[in-house]
Amino acid sequence: MTRSFAPDRSILKMALSHRSLVIGFLLTAFFVLLALLSLVWTPFDPTKLSIATKLKGPSFDHWFGTDHFGRDMFSMIMVGARVSIAVAFVAVGIGIGLGVPLGLYAAARRGSLTDEIIMRGNDLVFAFPALLLAIMITAVFGPGAINAIIAIGIFNIPVFARLARGAALSLWTRDFVLAARVSGKGKARISIEHILPNIANLLIVQGTIQFSLAILAEAALAYVGLGAQPPLPSWGRMLADAQTLISLAPHMALFPGFAIIITVLGLNLMGDGLRDLYDPKLRRGRG
Amino acid sequence: MTNNPIAAVAASILALGLTLGVTPAMAAKMDVTIGMQLEPPNLDPTGGAAAAIDEVVYANVFEGLTRFGADGSILPALAHSWEISEDGLTYTFKLHQGVKFHDGSDFDAEDVKFSLDRARADESTNAQKALFADIASVEVVDPATVKVTLSKPNGSFLFNMAWGDAVIVAPETAADNAAKPVGTGPFVFAEWVKGDRVDLTRNPDYWGDAVKLDHVTFKFISDPTAAFAAMMAGDIDAYPAFPAPENLVQFEADSRFLVINGSSEGETILAMNNKKPPLDNILVRQAIAHAIDRQAIIDGAMFGYGTPIGTHFAPHNPAYVDLTAQSAHDPEQSRALLAEAGVSDLTLSLKLPPPSYARRGGEIVAAQLREVGINVDITNVEWAQWLEDVFKAKNFDLTIVSHTEPMDIGIYARDDYYFQYGDPEFKAIMADLDKATDPAKRTELMQAAQKKIADDYVNAYLFQLARAGVINAKLKGIWPNSPTQANDMTGVYWEE
């Protein structure tokens, strides 16, 4: 019944021949590696100021130039990648961790009052503009990376709850679920053992896309000063710092801007590719 | 005819053409738009501390008995002359006659008595009540003469009366000045579009020298990028305190603009909460002072615009003492002082209001303090939050703010002021200063006060804020320096 996750050779082959998936994966992997590398090594200390060498363009020493305090932009982008990825990872984790169980529970009790309450509650959160919600949370509890994570995490919950419920509903009518029920398994057990593994691929695809949205949201919050606080570098705040200096030092805006674009593009390409790969209909179409 | 749509359109085009045709040819420009970073919370200079209030209404809408000149000197205003008694206790002001408030009512000695009594009353909300503390009584001698008796001699009384907080208001309109200011000045308040601008128009009945402008608009553009664009596009004619010094470099290269690099009364300080451990320990404060590299902050945050200061006093004042060497950048000494104080693993909060001197300066200060082993938690706050949290509730360790009031070293004598100094010895110096009228003695006392707060390392004194601004090269008469918080438009005109 349940599909094995170890990609068999045909899927691997198909994945490798899927161009946007490969490009997306490489771009994403690049930034993840950059972020991991920043844990042990950066060319310069990203918090070390050096006023004498401020606003220098890209050079052999400073690959991406220096900012208005003379900090090395490349080191800041590396650490910024870590911050972005960590925030997005935990935020999407919150979304999956809370949204999927809610969705599965609602699907298991479809049509009941609990189902209604859960899903209408989700609609409520979903209807609220995500960034506004995030600004509200950080404004109330104070700016900072942790509150940014919570804020972004909350608006990920309904996305996953809806997806899980919708996909689970169609599975509940299937014969293998019926067989499981006949064999005496409870609803919770069926949800975990039979439903969840069958919707996992959908969740992974959605997770990838939410990941890129979370990175954008983190950058937006940091841009308005509600994300990670200085001296921790953050792509959004680097853009905000660059704003008044854009005509003097355009590299200050270009590099963090590109970092955001490339990461989000990579994640989206990867998400699209994964969807193609997992969706049997699309797969046949490509035949 | 009216049924024919084409004819109707043609008629309206014709009408439009006529309208355009009768518009007079552009005469000399009679209006000015001034850019400001902060919008005033209200427009009553006698009821609020915000600098932005005075920057709109001082000398334009409201006048006091005396006023500041462009060079910081004290000039007569509504009082054309005064006599000071031998003992220095009685000031007899002779007032201008025929002066009218903007609502048409007459200005006379009763208004002076009302304004001064109102400002010094117990229930007064005046932000600078100390200016009026020495007034014992105000008497109306005749409609054009007012006699002020002091409880003790005060050498800076005429200076005090020049402040925006000491302007003369009318009893009938005083309560509404916050939203609809009525003064005696050369400009009349016209409109306040919240979040956008305040419009002033020429006062046709002005008692003094006629001004050369018909309209003045104060436009509030807090975002430096938008301010830069507005200036470049000619939407604003002057931005006397430009918020982004990095853009001044570009204005300097453009012949359409003139960059004014004046000095202001803004002592920019890293304020410390003197009553909160471990900052109640002078060694810790001294360590923080020595950890700071002022030049790096001026270069990094202000792009070189600013003068290092070693005490809370404006360097352009003749009584200024340069005490920067006493708290020179010395990380070694700073670490030694922290060890001597027995403080390790110190983490301090640093709350930063929006201006770039604070936000950027704060990042540099935090990095410099980290160098000597002090961890700093930066929190960026909005002004309202800063006033509530830092200024009122004193819930902070460190903050960066520029004190832009003129000659405001007296704030160190206040017990409940936000950095909580209020040292008795310092208060004694200030009390002596208030009594002294002899200039040499006053200078001596002012210098003693400067040294006292530097010796006690009350705050870390960073730099004197430059009043670096940009004005259209054809616009003349804007104050180059900022002896008080003001945008005096009375002498401003367009060069033909």
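Keep in mind that this is a model prediction, so the values were computed, not measured. Chain letters run A, B, ... following the sequence lines, proteins first, then strands; residues in each count from 1.
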Evaluate the criterion ring-ring contact (aromatic ring centres under 6.0 Å, His included) for residue pair F255(A) and F258(A); output intermediate values, then yes/no.
CA-CA 5 Å; F255(A) 290 112; F258(A) 275 131; 7.2 Å; no
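Inspection of non-hydrogen atoms places no residue of residues 76-91 of chain A under 4.5 Å from chain B. The contact list for residues 48-69 of chain A toward chain B, using heavy atoms and a distance under 4.5 Å, reads K48(A), L49(A), I51(A), K54(A), L55(A), H68(A), F69(A) by residue number. Within residues 216-233 of chain A, the residues that have a heavy atom under 4.5 Å from a heavy atom of chain B are Q229(A), P230(A), P231(A), listed by number.
In this structure, R162(A) satisfies the cation-pi test against F126(A), with its NZ or CZ atom closer than 6.0 Å to the six-membered ring centre and inside 45 degrees of the ring normal.
Contact of N380(B) with chain A is made through backbone and side chain together, with heavy-atom distances under 4.5 Å. If you measure heavy-atom distances from A366(B) to chain A, you find no contacts under 4.5 Å at all. Only the side chain of E371(B) has a heavy atom closer than 4.5 Å to any heavy atom of chain A. Residue contact with chain A, scored on non-hydrogen atoms closer than 4.5 Å, involves the side chain of R370(B) exclusively. Neither the backbone nor the side chain of D293(B) comes within less than 4.5 Å of any heavy atom in chain A. For Q250(B), the part lying near chain A is the side chain, with the backbone staying farther off; criterion is any non-hydrogen pair under 4.5 Å.
Remark: the backbone N or O of P308(B) is not paired with any side-chain donor or acceptor of Y461(B) at under 3.5 angstrom. With hydrogens and angles ignored, the 3.5 Å screen pairs a side-chain donor or acceptor of N147(A) with a backbone N or O of F141(A). Looking at T42(A), its side chain never comes within 3.5 Å of a backbone N or O of S38(A) through a donor-acceptor pair. Side-chain atoms of S334(B) come within 3.5 Å of backbone atoms of A287(B) as a donor-acceptor pair (strictly under, hydrogens ignored).
Separating the OG atom in S222(B) from the CE atom in M36(B) is a distance of 11.5 Å, to the nearest 0.5 Å. Summarising the geometry, atom NZ belonging to K276(B) is positioned 9.5 Å from atom CG belonging to L398(B); distances are rounded to the nearest 0.5 Å. The CD1 atom of I157(A) sits 7.5 Å away from the CD1 atom of I94(A) when rounded to the nearest 0.5 Å. Of the inter-residue distances, the one linking I309(B) atom CD1 with T268(B) atom OG1 reads 6.5 Å to the nearest 0.5 angstrom. Atom CD1 in I117(A) sits 12.0 Å away from atom CG in L102(A) (nearest 0.5 Å). In this structure, I269(B) CD1 and L465(B) CG are separated by 12.5 Å, a value rounded to the nearest 0.5 Å.
Interface remark: of the candidates L245(A), I246(A), T47(A), L245(A) forms the most heavy-atom pairs closer than 4.5 Å to chain B. Counting heavy-atom pairs under 4.5 Å between each of N247(B), I364(B), D377(B) and chain A puts I364(B) at the top.
No more than 12 heavy atoms of other residues, nucleotides or ligands lie within 6.0 Å of CD1 in I146(A), so this atom counts as exposed by the packing criterion. With a 6.0 Å radius and a threshold of 12 heavy atoms from other residues, nucleotides or ligands, F251(B) has its CZ atom above the threshold.
Not counting sequence neighbours, D272(A) has no partner by the side chain to side chain donor-acceptor pair (under 3.5 Å) test.
Defined by atom type and a distance below 3.5 Å, a donor-acceptor pair is missing between the side-chain atoms of E55(B) and N487(B).
The aromatic ring centres of W41(A) and F74(A) sit 6.0 Å or more apart.
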